[in-house]
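Let me begin by presenting the structure, written as structure tokens, before commenting on it.
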Amino acid sequence: MIDIRLAREAPGPLRAALARKGAAELLDELIGADDAWRALTGRVDELRARTKLKGKPSSGQVAELQAVKEELHEAEAALAGAAQRRADLLNRLPNPPAPDVPDGVSEEDALEVRAVGERPRFEFAVKDHVELGGFDLDRGARLSGSRFVYRRGALAMLELAMYRYALDRLVGLGFELVLPPVLVREEAMYGTGFLPTEEVNIYKVERDELYLTGTSEVALAGLHQGEVLELDDLPARYAGYSTCFRREAGAAGRDTRGAFRVHQFDKVEMFVYTTPERSAEEHEAILAIEEELVQGLGLAYRVVCTAAGDLGPSAAKKYDIEAWMPSQERYREITSCSNTTDYQARRLNVRFRDGERGLRVVHTLNGTAMTARWLIALVETYQQPDGSVAVPEVLRLLGAPAGLGPS
RNA sequence: GGAGGGAUGGCAGAGCGGACGAAUGCGUCGGUCUUGAAAACCGUUGUGCCUUCGGGCACCGUGGGUUCGAAUCCCACUCCCUCCGCCA
């Protein structure tokens with residue numbers, strides 16, 4: 001949610017920023033709805049003031065009050081309607097992009113920030129992760145449908161070591177480890193901006209009115225919902241580990257082979273609450289941690305900055321890390337870190353006490369520290385001519401097997 | 001799943017339908033006193049919205065209802081606690 005005062009006081013720059021996300025007209029509508037709402041607010045407040053009495057009214061006054069009551073009912077109904085329209089628009093209006101985000105509307109318009117690491121070269125026919133073994137897609141599909149996958153044996157051990165690798169680093173950096181619920185209420189989905197816009201991509205448990213989260217970002221953002229944080233506690237950094245669920249509704253036919261795009265996967269997520277003054281710096285810090293984690297596994301990657309029109313509703317700015325996928329011969333997204341500024345925090349009403357300045361809305365950020373997708377890049381990158389896979393030492397130290405593949 | 005009890009300010013805890021945005025205590029912050037601190041005393045202390053900046057309005061778990069008027073009465077829901085049953 002944006003700060004409505006910004007829309008009233010300086011609609012020009014805000015409108016220009018929102019235009020880059022294709023939401024300029026939405027802002028115009030909102031400003032109109034806000035004007036209407038304010039006019040009705042004044043009228044209702046005035047009528048209510050007239051109903052206020054000290055002590056018992058005389059019978060003449062009662063008749064008069066009854067008349068006011070009727071008028072008030074009408075005005076209140078009008079106000080409720082106006083408030084609803086205003087709230088709907090406010091809910092749908094996306095976070096304006098940061099000024100240094102590139103123009104554009106699609107993935108192709110993203111700006112490549114840098115490419116790091118040497119892409120692996122192979123003197124033999126490259127196998128993809130499915131051929132390298134351990135991913136049981138057929139049985140996953142039989143059990144649950146397409147885009148569900150079993151990871152088995154040594155591969156599963158490797159995957160767990162990868163989560164542990166990321167979590168250990170994060171805890172070492174002062175992040176608090178959190179194992180969150182994955183079923184949440186509608187409120188949390190709205191608060192984080194996944195609803196109403198992303199509704200088609202979310203699994204809903206109708207019977208219990210709960211939603212399965214597509215990332216632990218939802219639960220971590222909801223962690224301090226409605227709270228007032230102390231300045232001394234900021235930045236508050238959390239590392240969440242959870243299973244993530246996504247319907248992939250818009251992705252029919254895309255990435256159908258293998259475990260690259262699945263309905264259920266696991267992820268280690270960073271989530272930070274901070275002050276507005278610090279959030280840009282925190283964003284770069286989260287990106288740096290992601291890069292360090294990727295580098296630590298020896299993967300080749302590039303960093304891209306997502307174009308304004310390709311950003312989700314919540315993000316003001318987003319960096320993705322794309323790892324080199326040998327079987328696809330291209331970089332594919334393995335992390336995503338966003339500065340959601342005050343957008344989620346305002347929806348979730350998370351504030352902090354800032355001395356003389358009083359209560360202020362915090363900024364929130366999130367970023368991927370590890371997902372099952374990394375596993376794909378890893379096994380493909382470390383494959384050997386005989387179809388086995390070497391495992392980096394950092395992971396072996398955390399319980400990963402010495403290697404995978406044909407025994 | 002069954003049976004009870006509860007939800008009021010940072011916390012504890014009052015609150016005959018009008019004087020209640022709310023007693024009191026603790027805590028907070030400021031001051032007096034003190035070499036300093038403690039104690040004591042004095043004062044202060046919720047949030048949001050609108051504003052012609054005088055002020056006005058809303059909020060006592062949430063949503064409805066009764067009434068000229070609801071923290072207070074009625075209904076529904078949510079959450080928490082206790083007991084029973086079931087359960088990783």
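Below, all heavy atoms of this structure are taken into account, side chains as well, without hydrogens, waters or symmetry copies. Below, chains carry the letters A, B, ... as their sequence lines are ordered, and counting in each starts from 1.
Salt bridge status for A/Arg185 with A/Glu209: absent, with no side-chain N to carboxylate O gap under 4.0 Å. Salt bridge present: A/Asp320 and A/Lys318 bring a charged side-chain N and a carboxylate O closer than 4.0 Å. In summary, A/Arg43 and A/Glu71 engage in a salt bridge, as defined by a charged side-chain N under 4.0 Å from a carboxylate O.
Side chains of A/Glu282 and A/Thr274: no donor on one and acceptor on the other come within 3.5 Å.
A straight line from CG of A/Leu47 to P of B/C68 spans 17 Å, rounded to a whole angstrom. Nucleotide B/C77 holds its C1' atom 11 Å from the CZ atom of A/Arg185, rounded to whole Å. Look at CD on A/Glu186: it is 18 Å from P on B/U62, rounded to the nearest Å. Summarising the geometry, the separation between CD on A/Gln66 and P on B/C68 is reported as 5 Å, rounded to the nearest angstrom. Atom C1' of nucleotide B/G10 and atom CG of A/Leu229 are separated by 14 Å, given to the nearest angstrom. Distance A/His73 NE2 to B/C68 C1': 11 Å, rounded to the nearest Å. The CD atom of A/Glu71 sits 17 Å away from the P atom of B/C68 (whole-angstrom rounding).
Straight-line distance between the C1' atoms of B/C20 and B/A37: roughly 40 Å, to the nearest whole Å. With P as the reference atom, B/U66 and B/C74 are 15 Å apart, rounded to whole Å. Between the P atoms of B/A19 and B/C84, the separation comes to 45 Å (whole Å). Annotation: B/A23 and B/U35 have their C1' atoms spaced 41 Å apart (nearest Å). Using atom C1' as the reference point in both B/G5 and B/G64, the two lie 24 Å apart (nearest Å). The gap from the C1' atom of B/U28 to that of B/G46 amounts to 13 Å, rounded to the nearest Å. When the C1' atom is used for both B/C81 and B/C41, the distance is 41 Å, rounded to whole Å. Between the P atoms of B/G1 and B/C60, the separation comes to 30 Å (whole Å).
Glycosidic conformation of B/G54: syn, with the torsion inside 90° of 0.
Every residue was checked against the ring-ring contact (aromatic ring centres under 6.0 Å, His included) condition with A/Tyr382, not counting sequence neighbours, and none meets it.
B/G48 and B/C57 make up a base pair, with Watson-Crick or G-U wobble contacts both under 3.5 Å. Summarising the base pairing, B/C83 is matched to B/G2 through a Watson-Crick or G-U wobble pair whose two defining distances lie under 3.5 Å. Checking B/C26 for Watson-Crick or G-U wobble geometry (two distances, each under 3.5 Å) identifies B/G10 as its partner. Nucleotide B/A88: unpaired (no Watson-Crick or G-U wobble partner with both distances less than 3.5 Å). Base pairing analysis places B/U67 opposite nothing; no Watson-Crick or G-U wobble pair with both distances below 3.5 Å involves it. The partner of B/U34 cannot be assigned: no Watson-Crick or G-U wobble pair with both contacts below 3.5 Å exists in any strand. Pair check for B/A39 finds none; no Watson-Crick or G-U wobble contact set falls under 3.5 Å. Remark: B/A76 base-pairs with B/U62; criterion is Watson-Crick or G-U wobble with both hydrogen-bond distances under 3.5 Å.
In this structure, A/Arg373 is not positioned above the aromatic face of A/Phe265 in the sense of NZ or CZ being under 6.0 Å from the six-membered ring centre and within 45° of the axis.
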* Summary of protein contacts for nucleotides 47-53 of chain B, nucleotide by nucleotide, where a base hit scores B, a sugar-phosphate-only hit scores S (4.0 Å, heavy atoms) -> SSSSS--
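In this structure, the ring of A/Tyr238 has its center less than 6.0 angstrom from the ring center of A/His224. For A/Tyr211 and A/Tyr203, the distance between ring centers is not under 6.0 angstrom.
Remark: A/Lys52 is in phosphate contact with B/A58, judged by side-chain N or O atoms under 4.0 Å from OP1 or OP2.
Using the six-membered ring where Trp is involved, A/His129 and A/Phe135 have ring planes that are perpendicular, over 60° apart on the 30 and 60° scheme.
Position along RNA chain B of the nearest nucleotide to A/Lys69 versus A/Arg50 favours A/Arg50 as the more 5'-ward residue.
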